[in-house]
Amino acid sequence: MDTENTLNRAYAHWLKDGIFEIGFGILLTGVGTLRAIIHFAGQKSAAYYWLSGALLVFMIGVAWGGKRFGEALKERITYPRTGYMAFKPPTYNIKSILAILALFIFAGVLGGVVGLLATQPNQQEIGGIVPLTQGIVGALAFTYVARRIEVKRFYYLAVFSLGIGLVISVLGIGVVLGLSFFYLSIGLALVVSGCVALVQFLRSYEPVDLNGDSQ
């Protein structure tokens, strides 16, 4: 039995309703919007500090409540149509721990580099490199997911990520504002993609009763 292939099909089935994309898209849209507002507020204003705190609260709140709200939606919308699905809690070995540690290190280094670049005087030149790099990274991530679990709509998100990164790069609006618009754009694209997937899911599957008959 090909365990990896079976697991990939299970992930694809779990993503079929688009609910995860909608939730993750809302998170990125909120982060991008708040970060742009913080940028325009100015570092010396009281709003800057209030909004910076609000951004952290928003991210924690969405991360904490998103899983619960998503599961509630699946119990109401998805499971009555496809049956209940739950993944076994992951067991961590040394490779998994090292991979997670490497991910945190990469995120920390990336955040530090972005923070350093944001303080440089030549913002227009640097601002063209960072969003393009993010667009390429996003495109690679979406392509990897699309190929691994065979969810074709992620290919469109990969093309969009590369395209919006290139557009923001050409505009040269600076590091912070460029990344804010990038996250906002990717978030909106995820929401749209998730909503389209959800509509298609609702049209393709009908709720069933306990006897397995369509309602």
Side-chain angles (χ1 to χ4, degrees), residues 15 18 20-45 47-49 51-56 58-59 62-63 66 99-100 102-197:
L15 291 171
F20 173 79
E21 286 162 75
I22 295 173
F24 190 50
I26 291 174
L27 173 61
L28 292 183
T29 301
V31 169
T33 301
L34 284 174
R35 198 65 194 87
I37 294 174
I38 292 171
H39 174 78
F40 287 118
Q43 294 187 3
K44 294 184 179 180
S45 65
Y48 175 87
Y49 298 101
L51 290 169
S52 296
L55 176 60
L56 180 61
F58 173 79
M59 293 177 65
V62 172
I100 294 173
L103 181 62
F104 276 107
I105 293 174
F106 174 76
V109 171
L110 181 62
V113 170
V114 171
L116 180 63
L117 292 176
T119 62
Q120 301 302 309
N122 53 338
Q123 284 291 292
Q124 193 162 4
E125 296 177 7
I126 298 175
I129 299 174
V130 177
L132 180 59
T133 303
Q134 286 281 54
I136 294 172
V137 171
L140 291 174
F142 284 127
T143 301
Y144 172 77
V145 173
R147 291 194 61 179
R148 176 161 184 174
I149 64 177
E150 299 182 358
V151 178
K152 293 183 178 180
R153 65 180 183 269
F154 281 92
Y155 284 119
Y156 298 108
L157 291 171
V159 173
F160 180 82
S161 176
L162 186 60
I164 196 64
L166 181 60
V167 170
I168 296 174
S169 175
V170 171
L171 292 176
I173 55 179
V175 176
V176 176
L177 199 56
L179 288 178
S180 299
F181 285 149
F182 177 79
Y183 291 134
L184 173 61
S185 301
I186 292 295
L188 291 175
L190 281 166
V191 171
V192 171
S193 174
C195 287
V196 171

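Given the structure is predicted, the values throughout are model-derived calculations rather than measurements.
Within a 6.0 Å radius of OH in Y155, other residues, nucleotides and ligands contribute more than 12 heavy atoms.
Counting only heavy atoms from C-beta outward, the side chains of F154 and E21 approach each other to under 4.5 Å. Between L162 and I136 the shortest side-chain heavy-atom distance falls below 4.5 Å. By the 4.5 Å heavy-atom criterion applied to side chains, I186 and F160 are counted as neighbours. Residues L184 and L28 form no side-chain contact, since every pair of their non-hydrogen atoms from C-beta on lies 4.5 Å or further apart. A heavy-atom distance below 4.5 Å is found between the side chains of L190 and F142. In this structure, the side chains of R153 and L15 come closer than 4.5 Å at one or more pairs of heavy atoms.
G18 and A197 get closest at one heavy-atom pair: CA-CB, 4.0 Å. Nearest approach of A36 to S180, heavy atoms of both residues: N-OG, 3.5 Å. A pairwise comparison of heavy atoms in R148 and Y144 identifies NH1-OH, 2.6 Å as the closest pair.
At least one donor-acceptor pair under 3.5 Å links the side chain of T29 to the backbone N or O of L188. The main-chain N or O of A189 is never found under 3.5 Å from a side-chain atom of S193 such that the two would form a donor-acceptor pair.
Between atom CG of residue L166 and atom CG of residue L171 there is a gap of 9.5 Å, rounded to the nearest 0.5 Å. Atom OH of Y183 sits about 14.5 Å away from atom CG of L34, to the nearest 0.5 Å. Rounded to the nearest 0.5 Å, atoms CZ (F181) and OG1 (T33) are 9.0 Å apart.
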